Structures are given as C-alpha cells and as structure tokens.
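Model, not experiment: these values are computed from the prediction. Every chain is numbered from 1, with letters handed out A, B, ... down the list of sequences.
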Amino acid sequence: MPELAEAETIRRDLGAIYVGLTIASVTVTGLRSVRRHEDPAEFAARVRGRRLSGAGRRGKYLTLELDSGDVVVAHMGMSGQLLVAAPADEVARHTHVRFAFDGGPDLRFVDPRTFGQMWVTQPVGGTIAELAHLGFDPLEDPDAEKRLEMLMSRPTKLKPLLMDQSRIVGIGNMYADEILHAAGLRPDRPASTVSATETGRLYRSMVSVLEAAIRERGSSLADEQYRDLFGRIGRYQVYHRVYAREGRPCPRCGATVTRVRTGGRSWYFCPGCQE
DNA sequence: ACAAATACCTGTAAGC
DNA sequence: TGCTTACAGGTATTTG
C-alpha cells in the first residue's frame with residue numbers, strides 16, 4: 001500500500017533506528033511473505049548475525065543493506081506494515097516475519113493480505129537484479145524532468161503512464177490522481193497530446209505533491225491501513241483534493257469530483273479543471 | 001504498444 | 001442478526 005511517500009517515511013525511520021545494529025534473530029512464520037525463497041530457513045540464516053549498514057529505497061521497495069553485502073528487499077504490497085515492537089509485546093495477528101536486534105527493538109512485518117514480501121539477495125555491481133526493471137525516481141533522479149519529457153511522446157493515457165513502475169517508480173493509484181489534479185490534466189489524456197508547457201506543469205506537480213506528502217509522513221485513508229514504523233497514521237490525506245472524494249466539490253473550481261472505474265481500479269478527477 | 005481484465009489474499013463496510 | 005457483494009493504496013500475467 002505505501003507509495004513513494006510512505007516508503008520514504010519508513011526508510012528514514014528504519015535508518016535512524018536500526019542502521020549500525022546487528023540482527024540477533026529472524027523468525028519467519030508466514031511462508032508467503034518470503035515466497036522467493038524455497039526455504040525460509042535460508043532467508044533467516046543469511047540475515048541473522050548481520051549488521052545493518054544502510055536503509056534505502058527503490059520506488060516502493062525498501063532495501064536493508066547488510067554488512068555481508070547482501071540486501072534485504074521488502075515491499076509492503078497492499079496491506080504490509082513494518083512495525084517497531086518491544087520483544088515482550090504481544091505478536092499481532094498476521095505477523096509473518098520478526099527481526100530481533102542486539103541493543104534495539106524488534107522489527108515486525110505484519111501483512112493481512114500477504115501481497116507484500118521480502119527476500120534477501122546479493123547485488124551485482126550495485127544493481128539488484130530483481131529491481132532492474134524499475135524506471136526512474138521522480139525525486140531522486142537528477143534527469144527526472146527530461147526523462148518525463150521523453151515519456152510524453154507515447155500514446156499511453158497519463159494515469160497508467162505515471163503508475164507504470166518500469167517507467168517512473170513510486171507513484172500509485174492515489175498519488176497519480178493527486179498529481180494529475182495538481183497539474184490540471186485529465187487522467188485519460190494521451191501523453192502524446194500533452195504540450196511542453198503542460199509537461200512542465202506535470203513535472204512540478206509530481207515533485208510538489210510527493211515532497212509535501214513526505215513532509216506529512218504519507219497518507220492514511222479511511223481504513224488507516226498505512227502506518228509508519230511506530231504505528232502512527234500519516235497526515236497528507238488532509239490535503240487530498242480528488243482521491244476518494246467522489247461527489248465532493250473540487251477545491252480549485254467547485255465542480256463535482258468524478259469517479260470512474262476501470263481495470264478494477266478507481267480514477268478520481270475533476271471534470272471542471274482537468275483537461 | 002497499449003488497454004482491460006484477472007489472479008493473488010484478507011478484512012471491512014454496505015446492502016438486503 | 002446474518003448473508004452476500006463490492007471494494008481496498010500493490011505487482012504480474014493473460015487476453016484482446
């Protein structure tokens with residue numbers, strides 16, 4: 001469930017709490033969460049006893065760098081949470097993986113829908129093979145604006161384009177709608193019809209929405225499924241202008257926010273000021 | 001190349 | 001009070 005802003009919030013807190021600490025033990029109780037490993041014991045054995053040397057992010061994927069050179073890659077899927085816990089704390093329902101640290105709190109992976117997963121892998125020349133298909137980061141890549149411009153020659157509709165992780169990473173259903181509203185562009189607009197001026201606006205909207213969302217520690221919706229490491233909800237949902245606001249007035253032009261369903265997914269936009 | 005539907009799961013809310 | 005249905009931020013794969 002976390003998109004870029006939520007993953008980035010988790011990454012920063014993970015780094016602050018756990019980098020430098022050694023993983024004392026790993027307990028896997030949910031086999032599906034480590035499904036890339038044939039044997040969950042192999043995952044645990046490769047991680048146990050290693051010191052965490054860094055906490056990174058590639059799109060919505062979190063990367064926990066180990067002193068062995070291995071990297072634990074984690075994706076929250078729709079419902080995954082990484083939570084700090086005291087060793088004595090009761091183990092919550094749907095807890096699939098537990099890490100105990102020397103001189104630090106436990107880290108627990110809780111994921112009811114089990115779309116999330118984690119695995120350990122060895123990067124080759126700094127590249128994680130399983131993440132090699134991912135596109136550019138809208139905030140981290142210094143050439144992000146130019147790369148976005150290059151994508152605009154395609155006939156693809158803007159929303160699926162923004163959400164395509166092989167082109168741009170980190171943007172999901174929610175932030176795609178918010179970014180397109182901020183840019184004043186309809187989600188079904190073919191990218192190839194977007195002018196240079198509009199592309200500039202799209203780029204700046206992408207940056208400003210994502211940066212603001214990170215400042216507010218991400219978005220938690222009505223179900224409050226997104227939680228940070230400490231179990232706290234985000235604050236950016238307060239600033240949402242179209243997402244999950246069907247039937248309400250657009251804060252910019254007053255027209256009624258519309259929802260259309262396609263591909264089993266909801267698209268929210270304002271028919272008044274997005275063109 | 002692109003668009004839409006489906007599969008993978010569980011939990012919750014809404015409707016009857 | 002049940003029971004059924006729709007829906008939920010993710011990715012990957014299949015079908016048209």
- [ ] Using salt bridge (charged side-chain N to carboxylate O under 4.0 Å, His left out) as the criterion, list what pairs up with A:R98, not counting sequence neighbours.
- [x]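 For A:R98 there are no salt bridge (charged side-chain N to carboxylate O under 4.0 Å, His left out) partners, ignoring immediate neighbours.
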
How would you label the contact of [X] with the nucleic acid (heavy atoms, under 4.0 Å): base, sugar-phosphate, or nothing?
X      : answer
A:R265 : base
A:S219 : base
A:R167 : sugar-phosphate
A:P160 : nothing
A:S220 : base

Grab the [atom1]-[atom2] distance between [X] and [N] for me, whole Å please.
X      : N      : atom1 : atom2 : result
A:Y175 : C:dG10 : OH    : P     : 11 Å
A:L134 : C:dG10 : CG    : P     : 14 Å
A:Y226 : C:dG10 : OH    : P     : 14 Å
A:Q117 : C:dT11 : CD    : P     : 11 Å
A:M118 : C:dG10 : CE    : P     : 19 Å
A:E6   : C:dG10 : CD    : C1'   : 12 Å
A:Q225 : C:dG10 : CD    : C1'   : 11 Å
A:M174 : C:dA8  : CE    : P     : 13 Å

- [ ] Just jot down the ring pair (Phe, Tyr, Trp, His ring centres under 6.0 Å) partners of A:H94, sequence neighbours excluded, or say none.
- [x]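 Not a single residue meets the ring pair (Phe, Tyr, Trp, His ring centres under 6.0 Å) criterion with A:H94.
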
Task: Under the ring pair (Phe, Tyr, Trp, His ring centres under 6.0 Å) test, residues paired with A:Y243 that sit two or more places apart - done: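 Scan of A:Y243 (ring pair (Phe, Tyr, Trp, His ring centres under 6.0 Å), adjacent residues dropped) gives A:Y268.
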
Open item on the list: Short of 4.0 Å, heavy atom to strand atom, which residues of residues 229-243 of chain A count as contacting DNA chain C?
Closed with: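 Going residue by residue through residues 229-243 of chain A, the ones with a heavy atom under 4.0 Å of DNA chain C turn out to be A:Y243.
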
Task: Atom CZ of A:R248 with >12 non-hydrogen neighbours under 6.0 angstrom - done: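 Result for CZ/A:R248: open.
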
- [ ] To the nearest 0.5 angstrom, please state how far the CD1 atom of A:I171 sits from the NZ atom of A:K60.
- [x]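 If we round to the nearest 0.5 Å, A:I171:CD1 and A:K60:NZ are 8.5 Å apart.
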
Open item on the list: Please check this pair: side chain of A:Q81 against backbone of A:Q225, looking for a donor-acceptor N/O pair closer than 3.5 Å.
Closed with: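 At least one qualifying donor-acceptor pair exists.
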
Open item on the list: Keeping A:S79 on the side-chain end and A:R113 on the backbone end, is there a donor-acceptor pair under 3.5 Å?
Closed with: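 A pair under 3.5 Å: yes.
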
Quick check for you: among [options], whose closest atom lies nearest to any side-chain atom of [X]?
X      : options               : value
A:F115 : C:dA12, C:dG10, C:dG9 : C:dG10
A:E3   : C:dA8, C:dA12, C:dG9  : C:dG9
A:Y61  : C:dG10, C:dT11, C:dA8 : C:dT11

Open item on the list: Taking any atom closer than 4.0 angstrom to a non-hydrogen atom of chain A, what span of DNA chain B does the protein reach, first nucleotide to last?
Closed with: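 Using the under 4.0 Å cut-off, the span is B:dA1 to B:dG11.
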
Task: Salt-bridge contact A:D13-A:R217 (side-chain N to carboxylate O under 4.0 Å) - done: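 Between A:R217 and A:D13 there is a salt bridge, with a charged N closer than 4.0 Å to a carboxylate O.
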
Task: Cationic N near anionic O, under 4.0 Å, A:R36 to A:E130 - done: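 Looking at A:R36 and A:E130, the cut-off is not met.
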
Task: Check: A:V238 and A:S219 side chains under 4.5 Å, non-hydrogen atoms - done: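 A side-chain contact under 4.5 Å is absent here.
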
Task: A:V260 side chain reached by A:F269 side chain, heavy atoms, under 4.5 Å - done: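 Side chain of A:F269 against side chain of A:V260, heavy atoms only: contact under 4.5 Å found.
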
Task: Along DNA chain B (nearest heavy atom to each residue), the more 5'-positioned of A:P112 and A:W267 - done: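 The residue mapped nearer the 5' terminus is A:W267.
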
- [ ] Under 3.5 Å for both distances, Watson-Crick or G-U wobble, that's the pair rule; now give the dot-bracket for DNA chain B, with | marking pairs to another strand and [ ] for crossing ones.
- [x] .|||||||.|||||||

Task: P-based separation of C:dT11 from B:dG11 [nearest Å] - done: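 It comes out at 22 Å once rounded to the nearest Å.
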
Task: Interatomic distance at C1', B:dC2 relative to C:dG9, whole Å - done: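 Their C1' atoms lie roughly 24 Å apart.
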
Task: Whichever of A:G264 and A:Q165 has its nearest DNA chain C nucleotide further upstream toward 5' - done: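 Closest to the 5' end, via its nearest nucleotide, is A:G264.
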
Open item on the list: Taking only side-chain N and O atoms of A:R261, does any of them lie within less than 4.0 angstrom of OP1 or OP2 on C:dA8?
Closed with: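 Answer yes for this pair, as a side-chain N or O of A:R261 is under 4.0 Å from OP1 or OP2.
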
TODO: Output yes when at least one side-chain N/O atom of A:R259 is less than 4.0 Å from OP1 or OP2 of C:dA8, else no.
DONE: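 Checking A:R259 against C:dA8: at least one side-chain N or O falls below 4.0 Å of OP1 or OP2.
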
Open item on the list: Please verify the inter-ring angle class for A:Y175 with A:Y236; under 30° counts as parallel, over 60° as perpendicular, anything in between as tilted.
Closed with: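 Aromatic pair A:Y175/A:Y236 classed tilted.
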
Task: Among A:L161, A:L202, A:L158, the one residue meeting side chain to side chain contact (heavy atoms under 4.5 Å, CB included) with A:V194 - done: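 Checked A:L161, A:L202, A:L158 against A:V194; only one passes side chain to side chain contact (heavy atoms under 4.5 Å, CB included): A:L158.
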
